[in-house]
*Asks:* 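The structure follows.
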Number of protein chains: 2
Amino acid sequence: MVVRESFENSLQELQRKMMEMGELTVASLDKSFTALKNQDIELALRVIEEDNEVDDLEDEINQLAIWLIVKEQPVARDLRKIIGAIKISSNIERIADFGVNIAKSTIKIGKTNSQIDLTNLEAMKDISVNMLHKSLEAFLTEKIALAKEVGDMDDEVDQYSDDNYKHLTNYLSSHIEQTNQVAQLLFVNRYLERTADHITNIAESAAYLIKGRMYDLNT
Amino acid sequence: MVVRESFENSLQELQRKMMEMGELTVASLDKSFTALKNQDIELALRVIEEDNEVDDLEDEINQLAIWLIVKEQPVARDLRKIIGAIKISSNIERIADFGVNIAKSTIKIGKTNSQIDLTNLEAMKDISVNMLHKSLEAFLTEKIALAKEVGDMDDEVDQYSDDNYKHLTNYLSSHIEQTNQVAQLLFVNRYLERTADHITNIAESAAYLIKGRMYDLNT
C-alpha cells in the first residue's frame with residue numbers, strides 16, 4: 001500500500017510537471033505574439049531565452065518517467081499514463097519551439113512603418129491556446145469528449161491557415177517592398193498551423209490513455 | 001550468459017530498425033527533391049503515402065525500447081543506447097516529415113513554365129543526406145569525430161539557408177507573378193534547414209552515448 005501511494009505521488013509529480021510545461025508554453029505563444037504585434041524586439045529575445053525552462057522540464061519528465069518504468073514496472077493504464085506523459089511533453093516542447101520561431105520572425109521583421117493586419121493570425125493563436133488547455137485537461141480528467149473537440153478546432157485552424165496563405169501571397173503582389181515582412185508572416189502562419197497539429201497529437205495521447213487504442217483526430 | 005545474449009540480440013534489432021528508418025528517410029528526401037525538380041506530382045504523392053512506413057518503424061522502436069527497459073532494467077551505457085534509439089527515431093520521424101512537406105510544396109507549386117534554379121536547395125539536401133548517414137554511423141560505431149563533423153556541416157547548411165532566403169526574396173521582387181512558387185521554395189529552404197538541425201540532434205545523441213554527457217553541437 002505504501003508502494004502504491006508513492007507510485008501515485010510520482011505519477012502526480014509527472015502530471016504537475018506536464019501542466020507546468022503547458023503553462024510556460026502558453027505564455028511563450030502569448031508573449032511571442034504580443035512581440036510580433038508590437039514589434040517588440042526585447043520581448044521576442046526574452047521568449048527565446050526562456051525556452052530553456054521548457055526544455056529542462058521535458059528532460060525532467062523523461063527522466064522521471066524512465067525511472068518510474070524501471071522501478072515500478074507498471075502495466076496497462078499506469079504504463080499508458082507514463083508513456084503519455086513522455087509523448088505529450090515531447091509535443092509541448094515542439095509547440096514552445098514554434099513560440100521561439102515566432103519570436104525569431106519578429107526579430108527578422110524588425111521595425112517597419114507598414115504593419116499588416118494580424119487579426120486572423122491572432123485568432124489562430126487564440127484557438128491554439130484554447131486547444132492546448134483542452135487537450136491537457138482531456139488527458140488529466142480522461143474525458144474523451146474534450147479530446148474530440150480539439151480535433152474539430154484543428155480543422156478551424158487549418159481553414160484559417162489556408163485563407164491566410166491566399167491573403168498574404170495576394171497582398172504581396174501589390175506590396176512587393178514588404179517581401180521580408182510578408183515572408184515572415186507566411187512562416188508564422190505555418191508555425192501556428194503546425195502548433196495546432198501538435199496539440200491534436202496531445203489530444204490523441206489523451207484518447208489513447210482513455211480508450212487504450214490509437215485515434216487519428218487529425219483528419 | 002543466455003540472458004545477456006538475448007539482450008544483445010534485442011539491442012541489435014533496435015539498431016537495425018533505426019538504420020531502416022534512416023534509409024527510408026534518405027529515400028523520402030531524395031524522392032521528394034526529385035519530385036520538386038521535375039514537377040512530378042505522382043512521385044510527390046508517393047512520398048506522402050510511403051511516410052507511414054517510417055511512422056510504423058518509430059512505433060516499433062518505441063515499443064521494443066520500452067519492453068527492453070522494463071524487462072532488462074539496463075543501466076549505464078546499455079540504457080543510454082536504448083534511450084538514444086528512442087530519441088534518434090523521434091528525430092528521424094521528424095526529418096521524414098520534412099520530406100513529406102517538400103512533397104506537399106511540390107504539389108502546391110504544380111506545373112509552372114518558369115522554373116527557378118534549385119541548385120543551392122539541392123546542395124542543402126545532399127549535405128543533409130550525408131549528415132544523416134554520418135550521424136547514424138557515429139551512434140553505431142561510437143566515433144565522436146563523426147558526430148563533430150555533423151555539427152560543422154550544420155553550419156554549412158545554415159549558411160546556405162541564409163543565402164537562399166536573401167536570394168529568393170530578392171528574386172520575388174522582380175517576379176511577382178511567381179509568388180506562390182517562391183513562397184513554397186522559401187518553405188522548402190526552411191524545411192531543409194530544420195532537417196539539418198534534427199540530424200545535429202542525432203549526432204548529439206551519439207555524443208551522449210559515447211561520452212555519457214550532453215553536448216550542444218548546434219552552436
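Order of the sequence lines sets the chain letters (A, B, ...), proteins ahead of strands, with each chain counted from 1.
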*Asks:* Report the distance from atom CD of A:Q73 to atom NZ of B:K71, rounding to the nearest 0.5 Å.
*Replies:* 11.5 Å
*Asks:* Do B:V75 and A:V70 have side chains that get closer than 4.5 Å, going by heavy atoms?
*Replies:* no
*Asks:* Once rounded to the nearest 0.5 Å, what's the spacing between atom CZ of B:R190 and atom CZ of A:R190?
*Replies:* 10.5 Å
*Asks:* Which bit of B:F187 is near chain A, if near means a heavy-atom gap under 4.5 Å: side chain, backbone, both or neither?
*Replies:* both
*Asks:* Can you tell me how far NZ of A:K87 sits from OG of B:S90, rounded to the nearest 0.5 angstrom?
*Replies:* 9.5 Å
*Asks:* Rounded to the nearest 0.5 Å, what separates atom OH in A:Y165 from atom CG in B:N180?
*Replies:* 3.5 Å
*Asks:* Is it the backbone or the side chain of B:I83 that comes under 4.5 Å from a heavy atom of chain A, or both, or neither?
*Replies:* side chain
*Asks:* For B:K104, look at atom NZ and say whether over 12 heavy atoms of other residues, nucleotides or ligands are found less than 6.0 Å away.
*Replies:* no
*Asks:* Show your reasoning for whether side-chain contact (heavy atoms from CB on, under 4.5 Å) applies to A:I86 and B:I86.
*Replies:* CA-CA 11 Å; A:I86 294 175; B:I86 294 175; 5.9 Å; no
*Asks:* With rounding to the nearest 0.5 angstrom, report the CG to OG1 distance, A:N170 to B:T179.
*Replies:* 9.0 Å
*Asks:* Output the option from B:I66, B:V182, B:I176, B:L186 having the highest count of non-hydrogen pairs under 4.5 Å with chain A.
*Replies:* B:I176
*Asks:* How long is the span from the CD atom in A:Q178 to the OG1 atom in B:T169, to the nearest 0.5 Å?
*Replies:* 14.0 Å
